[in-house]
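Everything below concerns the one structure shown next.
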Amino acid sequence: MPRQRKWRVLRDFEWSPRRYVVMVFRRGEIRHGLTRACLQHAGDRVEEIRD
């Protein structure tokens, strides 16, 4: 089974993948399945969790 990458949000930020859609990322959250575009927008506000 493929391993799913996980990310820890270091600072709050918002991202809008489409018009009228806003995703809110809060500091301390653990997220998975982030798109390349989201990661590029987030920059240093997220870090990958390596098991």
Side-chain angles (χ1 to χ4, degrees):
M1 183 172 200
R3 186 168 101 30
Q4 195 168 40
R5 295 170 77 179
K6 294 181 185 176
W7 304 89
R8 178 179 293 116
V9 179
L10 301 175
R11 291 183 307 194
D12 295 354
F13 70 97
E14 294 178 353
W15 180 60
S16 181
R18 289 188 305 265
R19 202 172 177 195
Y20 304 116
V21 176
V22 177
M23 296 177 70
V24 177
F25 296 84
R26 299 284 183 211
R27 186 181 65 146
E29 285 183 335
I30 304 296
R31 294 288 192 119
H32 63 276
L34 299 182
T35 63
R36 188 176 303 145
C38 180
L39 292 171
Q40 188 174 26
H41 174 77
D44 64 347
R45 292 175 278 200
V46 296
E47 71 175 356
E48 186 174 6
I49 299 173
R50 301 204 181 239
D51 293 330

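Positions are given from 1, in the same order as the sequence printed here.
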I need the [X] [atom1] to [Y] [atom2] distance, nearest 0.5 Å.
X     : Y     : atom1 : atom2 : value
His32 : Trp7  : NE2   : CH2   : 13.5 Å
Arg8  : Ile49 : CZ    : CD1   : 4.0 Å
Glu14 : Arg26 : CD    : CZ    : 7.0 Å

Quick one: does [X]'s side chain get under 4.5 Å of [Y]'s, heavy atoms only?
X     : Y     : answer
Arg5  : Leu34 : no
Met23 : His41 : no
Phe25 : Val46 : no

Quick check: are there more than 12 heavy atoms from other residues, nucleotides or ligands sitting under 6.0 Å from CD of Glu48?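 Enclosed.
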